[in-house]
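For reference, the structure is listed below as structure tokens.
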Amino acid sequence: MGKINFVADEASILKAYKLSSQNPTKWEEVDNDLEDPLSNLLSSQSSDGEGDPLGLGGVIEHMSVLVSSKSFDPKAFLSAVHPNATYQDLAAGIQHLQSSIDARSEAVRILVEDNFDRFVAVKASTDALYAEMREGLLSDKAEFATRPLVDLIKRSAVKANQVFLPVLENNAKAQKLRTTLSVFERSRFFFNLPGSLVESIEAGRYEAAMRQYNKGKFMLDSRPDQLFPVEAGGNAGSMARQKRILDKVWANVDKVMGEMKALLLARVQEPGRSVEEMERAIEILLELNASEDPIWTYFDSQHKHIMDRMSTACRTGVTNIDAMKSRTTPDLSPPNALRQVLGAQLQVCLAALESKAPEVVVAQAGGHEVWQAIWDMVKNVSEVMVSSLPNFWKISKSFLEGKFKRVRPSSSRRSASQCRQMALDIIKLYISLLSEFFILNDVLSNSSTTTSPQHLPSHSNSLTTGHWLTKILGEVQDCVTEISALDLGEGDLVKGLVESVRWRFEDVLVRSWMRDAKHLYVLESFTPDPSVPSTTLYLTHFESFMRHLTTSAFKIAGGISMDSGSSVLRVTQQNAMSPAFTGKIVKVFLDAIYTVLDGMVVLVAEEVPPGVASVSVTAGAAEREGKQELIDLRDSNTRLLLVISNFSHLSGSLIPGMLSQLESALGASVEGERKTLMEAVAKLDKTFFDGYVKPKAAVVAAILREGILDKDMDWYDTPQPTEIRPYMYMALMGLVEIHAQISRVAENLLERGMNALVEDIAQVALLSFKQVKRFGMGGMLCATLEIEFMHQSLGRYVSPPAAKTLAELYTKVSQAYARRPGDENLQGNLNSVKRTLGESRRATGIEYMCFRAPKERSGKGKKDEDRERGTERGKERDGRSVKSTAS
């Protein structure tokens, strides 16, 4: 096997890529298959001179100068490939070319010789094949093999007729249709009008549908011949056929427009549509000249729908309110059930008023589920009117201004002003629904409705009631504000509604306020108030209770804006109130104070009131000294002292401050009511104070009276005293116990209580000694010693009235002294009495230390030193009084 030559010559490459040169300058395709095969063979086997047939090394760049090309030109070849070749070079090239041709001819001859037997075999096979075809396929009987072809062509023609004749017929029909369409081309809009109207209506483009309808109607009325042209000379049948076609098309148009009328009439009766959409529908219906007047259809349907929705919302709300009330109202049949329920609610709410977000707790107290249902009902009814009435009135106002008039006069005799009455009917229904639910009445009547709305929660405290009443009033005010902005001429109606709601809500709040004030005493647990010594937190709760409810009353009455704070003094915007509201607020404020004061009487009853624990931390001296001493609150005297202490704070600062706040908020004076109230407080305070002091004083007075009027004591014949009789110690120890109780419970009452006790027992002592007819020397000295001992022991609490009584007592004893023979040694007896007095004072110094003025830890203050000096001077004065009495 010879060596394979992988080298491709230039001719093969150019032939493969159909190029005439290896460096083409433009796109070309040269068909080399048409060139001379021999020349190709010669050129393909040339390996010398890089494709140059002369072997001179020239470069052939174009196919036109190839030797194998049929358009080969020697001159062009030489000028293109060998423009600079010499004669000798060309002669050598001729010799080279001749040698190459001879070599290739010899190669061809050898090729033929080597394959001669193949050529002979091919010739024999070809002759045999031809002879066989002459006898069979190319015989004369077969008409030289054309008969089968002719048969196939005939069958194909039959098949073609079957296939293509219908196509040709349809083509003829299509041509006729094209001719007809060309006729109807100018009237395409008219014949497509029903479909176009349906598409526009389905898409909600009613204005476009009206424009198309009007255009079609104009074309039908003015140019019917142009819509469906009839050929010249057409007969009556053609004209009738034309009319039938046009009538049929227009009947479809009328049917579609009738459906659009029905659709728009139904739409103007639907609620919730925008004003623009309603106005557009009404205008289209007026343009279509519908049998029913669309504007009154709109008014009647919307008026009925709004009225029905408001009534339904109210009925549904009332049903929900009653269901919620029956589900959440506790059993209030036991005697004290309501008091317990309200007490628990008020305790939580008043504690929340001191927090940062009190409204959250107050709004969620007892009965809030029913209040929420009531607010929802009012809100739903208001929303129905606020969401529907503005659109209704806007269209009504346009109608009153002359818009939406029918092209042809209507047979209806309804006045345009009737639509205003319809709008007012909606407002009147809103007022009627609220009036029926809340039982509203006229403010001018200046009377309160005795019947309470049955749907309100009966177990809701006044703080929660005030919160929800204010919230409901705000909803009504918002609704009335929006309705007033419509300028319907209903000013008196809605203004009267707001005032009636305010008046009714004030009634509801006043009843709840007074009811809770009656039970407010259950909050008194006698817990000390750290900010105000010797008082309880009950006063803080009382002030918060009154302040919060007064604020709610002011909000409801319109005295302060809704965004004001919880304090009466924190008013962001103050409005003028009618005198009726002012009088009602002042009256309930004062009545509530009186009621709370009356409730404090229960706290000092023998029976322990509810909410009071067995023991509590005292707010007296023990607390001031940093100690914690338990006091028994089951003792009525303990509770009485705390109540008296609270009364001192009430009359001194709390009630005057609350009245000043009320005057500031009202901008009016309540001086007469203040005076009456303070007199009542003072009277009640005196009653409580006497209720504590008088029984205590009676016990001590009984001891003194029994000791002074003792039947075994002969004031005339008794010898000189050497000691103080026991009854005086017993009386003073009784005062020590009283002093201890007052100091432990309410130290601020100590001086007042002890002064009153000393005044009472001094008066009792005076009356008792007045019953003694005469005194001897010993009796006079004994009486003086005992009274002086009591006087000096209680010197801190001897008030001017008591001192006057004691001075009168000294005078009475001196006047009743009957001098006898042997009474000359007066000075010696006096000295002995003074010694006995001093010894007794020293012996009882510890027992009666509580009667001394307290000393500061860091040393005696100036006041204490002055008081002690005054006490010493008192002793000297009392010694002189003894001497003067004896004389």
Side-chain angles (χ1 to χ4, degrees), residues 317-318 321-322 324-325 328-330 332 337-353 358-379 434 437-440 448-477 500-520 522-523 541-542 544-560 562 564 566 568 581 584-585 587-589 591-592 595-596:
V318 171
I321 292 168
D322 292 339
M324 186 62 69
K325 184 177 179 180
T328 59
T329 302
L332 302 178
L338 181 61
R339 184 184 68 186
Q340 295 173 358
V341 170
L342 293 176
Q345 294 180 20
L346 289 172
Q347 188 171 10
V348 174
C349 292
L350 290 175
L353 292 180
E359 295 297 332
V360 177
V361 178
V362 172
Q364 296 296 319
H368 74 276
E369 302 91 349
V370 181
W371 283 117
Q372 180 69 49
I374 295 174
W375 182 78
D376 290 339
M377 184 274 292
V378 175
K379 182 176 178 62
L434 294 185
F437 183 84
F438 292 110
I439 316 178
L440 302 182
S448 299
T449 305
T450 57
T451 304
S452 179
Q454 61 177 348
H455 305 287
L456 303 185
S458 57
H459 65 290
S460 180
N461 67 85
S462 55
L463 302 178
T464 304
T465 300
H467 169 82
W468 283 103
L469 289 177
T470 304
K471 189 173 181 180
I472 295 171
L473 176 61
E475 182 64 34
V476 175
Q477 278 188 303
S500 297
V501 171
R502 290 185 187 278
W503 188 256
R504 188 69 182 106
F505 283 8
E506 285 287 0
D507 280 342
V508 174
L509 182 62
V510 164
R511 286 195 181 90
S512 181
W513 191 345
M514 293 302 298
R515 180 201 61 190
D516 289 0
K518 181 180 179 182
H519 301 300
L520 192 66
V522 300
L523 300 182
H541 295 330
F542 167 62
S544 299
F545 173 78
M546 297 295 292
R547 182 176 64 246
H548 191 83
L549 288 178
T550 305
T551 303
S552 298
F554 269 60
K555 288 181 179 180
I556 293 173
I560 55 178
M562 290 298 184
S564 61
S566 60
V568 175
F581 282 105
K584 177 174 284 194
I585 293 175
K587 184 178 184 303
V588 69
F589 188 87
D591 290 346
T595 304
V596 171

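A365 and T464 get closest at one heavy-atom pair: CB-OG1, 3.0 Å.
Rounded to the nearest 0.5 Å, atoms CG (L509) and CH2 (W468) are 15.5 Å apart. The structure places CH2 of W503 at 6.5 Å from CG of D507, a figure rounded to the nearest 0.5 Å. The distance from the OG1 atom of T470 to the NZ atom of K555 is 6.0 Å, given to the nearest 0.5 Å. The CD atom of Q340 sits 10.5 Å away from the CG atom of L332 when rounded to the nearest 0.5 Å.
E475 meets the side chain to side chain donor-acceptor pair (under 3.5 Å) test with no other residue; sequence neighbours excluded. Looking at residues two or more places apart in sequence or on another chain, you find a salt bridge (charged side-chain N to carboxylate O under 4.0 Å, His left out) between D591 and K587. Remark: F505 engages F438 in a ring pair (Phe, Tyr, Trp, His ring centres under 6.0 Å) (not counting sequence neighbours). For the salt bridge (charged side-chain N to carboxylate O under 4.0 Å, His left out) test, no residue two or more places apart in sequence or in another chain qualifies with K518. In this view, H459 satisfies the ring pair (Phe, Tyr, Trp, His ring centres under 6.0 Å) rule with no residue, not counting sequence neighbours. For F589, there are no ring pair (Phe, Tyr, Trp, His ring centres under 6.0 Å) partners two or more places apart in sequence or in a different chain.
Of the possible donor and acceptor atoms, one in the side chain of T551 sits under 3.5 Å from a partner among the backbone N and O of R547. In this structure, S462 contributes its side chain and W513 its backbone to no donor-acceptor pair below 3.5 Å. N461 places no side-chain N or O within donor-acceptor distance of the main-chain N or O of Q345, the cut-off being under 3.5 Å.
Between H455 and F437, the ring planes lie parallel to each other; the angle is under 30°, not in the 30° to 60° tilted range.
A side-chain donor-acceptor contact under 3.5 Å links W371 and S460.
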